[in-house]
Amino acid sequence: MELINDKNCHWINSLDTRSNIKTLNKDKFCEWLIVGAGYTGLSAARKLSELHPNQKIIIIDAQLAGEGASGRNSGYLVDTTLNDGFTSNKELSNYKKKTDIYKLGIDIVKKFIEEYQVDCDWNESGKYFASSNQKDRKILENFSKTLLKLNFEHTILEKDELGKRLGTNFYNLALYTKGGILLHPGKLVKAMIDTLPVNVELLEKSQLNEWSKNSDTVICKFNNYKIITKKIIFCTNGFLKSLGIKNNYNFPLTLTASMTRPLTDTEYKSIGEPREWGVLPVRPMGATIRMTKDKRILIRNTAEVHNPFKMSKSNLDKRSFNQKLGIKKRFPTLPEDIIESSWSGIVSRTRNSSQIFEKIDDNIFVAGCYNGSGIGVGTLFGEQIAIKASNENSDEINIIESRSKPTWLPPQPFLNIGVKTRLMFERFRSRSDV
Ligand SMILES: Cc1cc2nc3c(=O)[nH]c(=O)nc-3n(C[C@H](O)[C@H](O)[C@H](O)COP(=O)(O)OP(=O)(O)OC[C@H]3O[C@@H](n4cnc5c(N)ncnc54)[C@H](O)[C@@H]3O)c2cc1C
């Protein structure tokens, strides 16, 4: 099946159009093949080029580089997460391991943008875990205790203060964490593409259909040509399962988001001229909502089992309509039809919200499954899987490998039934905050 993205994502459409797109136009041989050119693959390519300056490295993508989830996410570079969906962060030491990985993720993105002087609208604004439902107070108080033990600076805020900071009276309470960065995800991934080292060949619009291992090489078949590689790193995230990788450990979810046009000065004044902010939901299926640097409102309030290869326009329109309602109930004074773009994107999940980072066979490596933390963790895992695949070690790899490993998932149709039921249940529990 061919992977077809909608062309609606505001983040991507706000970038300069890329030229010089190269596709696979003949059979090739290389030492290293990276499949997937999002944060993970691009970061792996950069590291491999440093470790093996004289070897042939190819990075290949089914669509244009960076135009998967990496260019179409909500732009939260997180230091902490409250809910990862399917399990709660009950154990302190496991939660600490998770946040240690987030910290390494923030550090590596920060190092990249400083080294290459990248403008990606970086804003160390912190973030809010907010709810309209007083019943969520207990969850936030418990979360606060966890953050206190791990020395994360944070405050619990009430309705009045939130109204001033966010420009909406919708939320009754929130936990604000000082850490966490808001950025323009498209600008970040485009910078990673633009700064690819010269010994990395980027091939786009070339979808890997089949791969097989043949003694000490891997044979990869695309539409008309093939690539034979000595080592391969799979960085296709939501499309790992469709390539038969770690089948019983990950599954894709489709997310949709909408973004308004910039608010006019009058509209912006009418909501109190709040500074740029980002809200994450207290319950897993509530809305992520953000005021951007250029005064647009972004909303993401779906996560569902759907065909990851394509979403039809009518399906996208239905989700966009619900997002219009989500904006309306938070900002009742704003006009109704201010949504300018709606798009979908694919994330990859594991049962216990842990990430995949491993050697799956001689010369075959994979990194992925970051849920809503792929900006930092994907960039980190890309770099570190390149180091691991080069038979080297690092302190970061030791930290990554000490996390809980992904747990086994039941086969189809039980998996889809289980995930759909769970999502429905979570959506019901989050219904006031969708
Ligand atoms: C709407 C939305 C909001 C999100 N919000 C956030 C957020 O605020 N913060 C955060 O940290 N994360 C967020 N995420 C998640 C984040 O975007 C991902 O975790 C991250 O982009 C993963 O990066 P990646 O490089 O591993 O995968 P991707 O960016 O998905 O890249 C994988 C690439 O593989 C390519 N590919 C797939 N199959 C093939 C094939 N057969 N052959 C060749 N190429 C193939 C795809 O075209 C794609 O470009 C969000 C995601 C979505 C969709």
Side-chain angles (χ1 to χ4, degrees), residues 1-5 9 11 24 33-45 58-79 81 102 105-106 109 127 180-183 185-186 188-189 192-193 203-211 220-223 227 233-245 252-259 278-280 288-290 298-303 308-309 311 319 323 342-349 355-357 366-382 385:
M1 193 175 266
E2 194 192 350
L3 202 174
I4 304 172
N5 264 331
C9 177
W11 298 123
L24 182 67
L33 178 65
I34 299 163
V35 189
Y39 302 128
T40 309
L42 293 163
S43 184
I58 296 178
I59 177 167
I60 197 155
D61 202 290
Q63 49 195 330
L64 289 179
E67 296 202 358
S70 295
R72 47 181 69 228
N73 62 65
S74 305
Y76 293 66
L77 175 53
V78 294
D79 61 334
T81 44
Y102 293 157
I106 294 178
V109 176
K127 62 186 180 324
I181 291 117
L182 293 175
L183 51 74
L188 177 64
V189 76
M192 291 183 179
I193 298 164
L203 299 173
E204 301 169 80
K205 296 187 173 179
S206 308
Q207 181 168 320
L208 173 64
N209 298 323
E210 255 182 80
W211 62 278
C220 296
K221 291 189 184 155
F222 296 79
N223 274 353
I227 300 181
I233 306 182
F234 287 103
C235 303
T236 53
N237 203 38
F239 298 88
L240 289 174
K241 202 175 166 76
S242 63
L243 287 167
I245 295 156
L253 283 184
T254 301
L255 273 47
T256 46
S258 289
M259 177 109 77
V279 162
L280 292 167
T288 295
I289 183 151
R290 193 181 147 179
L298 172 137
I299 181 165
R300 201 277 296 160
N301 63 8
T302 66
F309 285 84
M311 179 175 283
R319 284 142 186 87
Q323 289 166 347
S342 300
W343 63 88
S344 67
I346 312 301
V347 294
S348 177
R349 292 295 315 247
Q355 309 91 352
I356 292 180
F357 178 89
V366 54
C369 301
Y370 320 111
N371 193 24
S373 60
I375 300 177
V377 183
T379 308
L380 171 74
F381 275 38
I385 200 73

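Just so you know, residue 1 is the first one in the sequence shown, and it goes up from there. Since this is a predicted model, take the numbers as computed values, not measurements. For the numbers below, each heavy atom of this structure counts, side chains included, while hydrogens, waters and symmetry mates do not. Note that ligands are numbered from 1 as they come in the structure, with each ligand's atoms numbered from 1 the same way.
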message: Using a 4.0 Å heavy-atom cut-off, which part of Y370 comes near ligand 1: side chain, backbone, both, or neither?
response: side chain
task: Using the side-chain contact (heavy atoms from CB on, under 4.5 Å) rule, take W343 and M311 through it: C-alpha gap first, then chi angles, then the decisive distance, then the call.
output: CA-CA 9 Å; W343 63 88; M311 179 175 283; over 6 Å; no
task: Report yes if some heavy atom in the side chain of W11 is under 4.5 Å from a heavy atom in the side chain of L298; otherwise report no.
output: yes
task: Give the numbers and elements of all ligand 1 atoms closer than 4.0 Å to a heavy atom of N371.
output: 14 (N), 15 (C), 19 (O)
- line: Taken to the nearest 0.5 Å, the spacing of L255 CG from N301 CG works out to 10.0 Å
- request: Indicate yes or no: at least one non-hydrogen side-chain atom of Y76 is less than 4.5 angstrom from one of I375.
  value: no
message: Give me the residue, atom name and distance of the protein heavy atom closest to atom 28 (P) of ligand 1.
response: S70 OG, 3.8 Å
query: Does F222 reach the side chain of I60, with side-chain heavy atoms less than 4.5 Å apart?
result: yes
query: Does L243, backbone or side chain, put an N or O under 3.5 Å from an N or O of ligand 1?
result: no
- prompt: Got an N/O contact under 3.5 Å between T40 and ligand 1?
  reply: yes
message: I'd like to check L64 versus K205 (side-chain heavy atoms, cut-off strictly below 4.5 Å). Are they in contact?
response: yes
- request: Side-chain contact test, heavy atoms from C-beta onward, threshold under 4.5 Å: evaluate it for S342 versus R319 and give yes or no.
  value: no
query: Got T379 and Y370 here, is their nearest side-chain heavy-atom distance under 4.5 Å?
result: no
query: Any N/O of L64 closer than 3.5 Å to an N/O of ligand 1?
result: no
task: Distance to 0.1 Å, residue and atom name: give those for the protein heavy atom nearest to atom 52 (C) of ligand 1.
output: L255 CD2, 3.6 Å
field: Ligand-residue contact atoms, ligand 1 with F239, heavy atoms, under 4.0 Å
entry: 37 (C), 38 (N)
- request: Measure the distance from atom 9 (N) of ligand 1 to every protein heavy atom, then report the residue, atom name and distance (to 0.1 Å) of the closest one.
  value: Y76 O, 2.8 Å
- prompt: Does R300 have any side-chain hydrogen bond (donor to acceptor under 3.5 Å, both in side chains) partners at least two apart in sequence or in another chain, and if so, which?
  reply: none
field: Option set G376, S206, G374, criterion heavy-atom distance to atom 12 (N) of ligand 1, minimum
entry: G374
message: Students should be able to answer this: which protein heavy-atom is nearest to atom 5 (N) of ligand 1, and at what distance?
response: S74 N, 3.0 Å
- request: Any atoms of ligand 1 less than 4.0 Å from a non-hydrogen atom of V35? List them with their elements.
  value: 42 (N), 43 (C)
task: Check step by step if ring-ring contact (aromatic ring centres under 6.0 Å, His included) holds for F239 and F309.
output: CA-CA 9 Å; F239 298 88; F309 285 84; 5.3 Å; yes
- prompt: Can you list the ligand 1 atoms lying under 4.0 Å from a non-hydrogen atom of G345?
  reply: 53 (C)
- request: Look at atom 42 (N) of ligand 1 and say which protein heavy atom is nearest, naming residue and atom and giving the distance to 0.1 Å.
  value: L208 N, 2.9 Å
field: Polar atom proximity, A257 to ligand 1 (N or O, under 3.5 Å)
entry: no
- line: Ranked by distance from atom 22 (C) of ligand 1, the top protein heavy atom is N237 ND2, 3.6 Å
message: Need the ligand 1 atom indices (1-based, order shown) with element for anything under 4.0 Å from a heavy-atom of G36.
response: 33 (C), 34 (O), 35 (C)
R72: numbered ligand 1 atoms lying under 4.0 Å from its heavy atoms: 1 (C), 2 (C)
- prompt: Do Y39 and F381 have ring centroids that are under 6.0 Å from one another?
  reply: no
task: Distance to 0.1 Å, residue and atom name: give those for the protein heavy atom nearest to atom 13 (C) of ligand 1.
output: N73 CB, 3.6 Å
message: For ligand 1, which is the ligand I care about here, please tell me if I375 has any N or O atom under 3.5 Å from one of the ligand's N or O atoms.
response: yes
- request: Compare all side-chain heavy atoms of Q323 with those of T302 and state whether any distance is below 4.5 angstrom.
  value: yes
query: Hey, what do you get for CG (L77) to CD1 (I106), rounding to the nearest 0.5 Å?
result: 4.5 Å
query: Are T40 and N237 close enough that some pair of their side-chain heavy atoms sits under 4.5 Å apart?
result: no
field: ligand 1 contact on T256 by region, counting heavy-atom pairs under 4.0 Å
entry: neither
query: Of all the atoms in ligand 1, which lie at a distance below 4.0 Å from a heavy atom belonging to T236?
result: 32 (C), 34 (O), 36 (N), 37 (C), 38 (N), 39 (C), 45 (C)
message: Can you tell me if G238 contacts ligand 1 (heavy atom of the residue under 4.0 Å from the ligand)?
response: no
message: Give me the residue, atom name and distance of the protein heavy atom closest to atom 32 (C) of ligand 1.
response: C235 O, 3.4 Å
